[in-house]
Q: 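Dropping a structure here in structure tokens format, bear with me for questions.
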Amino acid sequence: SVAVYKYTQGNARLHGGEMSVDFHPHPLDWIHWQNNLSVVYSKLLQQPDSMRYLPLTPPATYSSSIRFEPDLKSNSLSNSSLSFGCDYVFNQNRIFSAYQTESSTAAHVLLDASLMTNVCHKQKTLFTLKIIGSNLGNAVYQNHLSRLKLLDCEKTSSDNRTQLITEALLVRQRESS
């Protein structure tokens, strides 16, 4: 048998916002503290519970980073910076669950750090050195908007992350053959 879907259109409400606050304390102008909050809410009107929310609505996210840009007074280094960041992604339970279209996503915290500098010789930049570390807390998480979530693998260890990627590649190979 062939599955047939009937498309219907309805009214929806979509609202949200983004707020950003940057601190540059004086006289410490070489310190930058950036904070962002983004929120999106969506709702399909006059729909049953499993179809109440628009699919692929991102969860609310709070990001904070602090960046240090010291003046090194060096002939061999310029535009140096050191930064630390934290992203808190709230849980997303407002999902379109009909037909197993979406699954909820747990809240998670991601920590990162970076170091950057230009390496110079005779006042010319030879190259830019960047060292970046992401997910330094080794959090096990899935991005709510990732379609890989639909593979429904357990997400409890780094072995499962490898399994998730392997299964996604196998699905892609089967689709292309």
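Quick caveat: nothing in here was measured; it's all calculated off a predicted structure.
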Q: Taking Y99 as the starting point, is it possible to reach I95 by hopping between hydrophobic residues whose side chains are less than 4.5 Å apart?
A: no

Q: According to a 4.5 Å side-chain heavy-atom criterion applied to Ile, Leu, Val, Met, Phe, Trp and Tyr, with indirect links allowed, do V21 and F84 form part of one hydrophobic cluster?
A: yes

Q: Taking atom CG of L44 and atom CG of L14, what is their separation to the nearest 0.5 Å?
A: 10.0 Å

Q: Between the side chain of T61 and the main-chain N/O of P59, is any donor-acceptor distance below 3.5 Å?
A: yes

Q: I'd like to know if L129 and L126 are part of one continuous hydrophobic network [Ile/Leu/Val/Met/Phe/Trp/Tyr, side-chain heavy atoms within less than 4.5 Å].
A: yes

Q: Let me confirm one number: the OG1-CG distance from T117 to L82, rounded to the nearest 0.5 Å.
A: 11.0 Å

Q: Looking at P70 and S80, what are the two nearest heavy atoms and their distance?
A: CD-O, 3.9 Å

Q: Is it possible for you to say whether I66 and I132 belong to one hydrophobic cluster, with membership spreading through side-chain heavy-atom contacts below 4.5 Å?
A: no

Q: Counting only heavy atoms not in N75 (residues, nucleotides, ligands), do more than 12 fall under 6.0 Å from its CG?
A: no

Q: Are V40 and L145 co-members of a hydrophobic cluster defined by side-chain heavy atoms under 4.5 Å apart?
A: no

Q: To the nearest 0.5 Å, tell me how far D49 CG sits from S97 OG.
A: 8.0 Å

Q: Say you draw a straight line from CD1 of I31 to NE2 of H24; how long is it, rounded to the nearest 0.5 Å?
A: 11.5 Å

Q: Check whether the side chains of D112 and S134 place a donor and an acceptor atom closer than 3.5 Å, and report yes or no.
A: no

Q: Is S146 reaching over with its side chain to a backbone N or O of N143, donor-acceptor style, under 3.5 angstrom?
A: no

Q: Measure the NE2-CD distance between H32 and E69 for me, rounded to the nearest 0.5 Å.
A: 3.5 Å

Q: For residues L110 and A139, report the shortest heavy-atom separation together with the two atoms involved.
A: CD2-CB, 4.2 Å

Q: Is it true that H144 and E102 share a donor-acceptor pair across their side chains at a distance under 3.5 Å?
A: yes

Q: So, for L77 and V119, which heavy atoms are closest and what is the spacing to 0.1 Å?
A: CD2-CG2, 4.2 Å

Q: Nearest 0.5 angstrom please: M51 CE to F96 CZ, how far?
A: 4.0 Å

Q: Over all heavy atoms of both residues, which pair between L45 and R13 is shortest? Give the atoms and the distance, please.
A: CD2-NH1, 3.7 Å

Q: Looking only at heavy atoms, what is the nearest atom pair of M116 and T128, with distance?
A: CG-CG2, 4.0 Å

Q: Kindly give the cluster partners of L37, where membership spreads through any ILVMFWY side chain lying under 4.5 Å from a current member.
A: V39, Y41, Y62, Y88, F90, V109, L111, L136

Q: List the atom of N135, the atom of Y141, and the distance in Å for their closest heavy-atom pair.
A: ND2-CE2, 3.9 Å

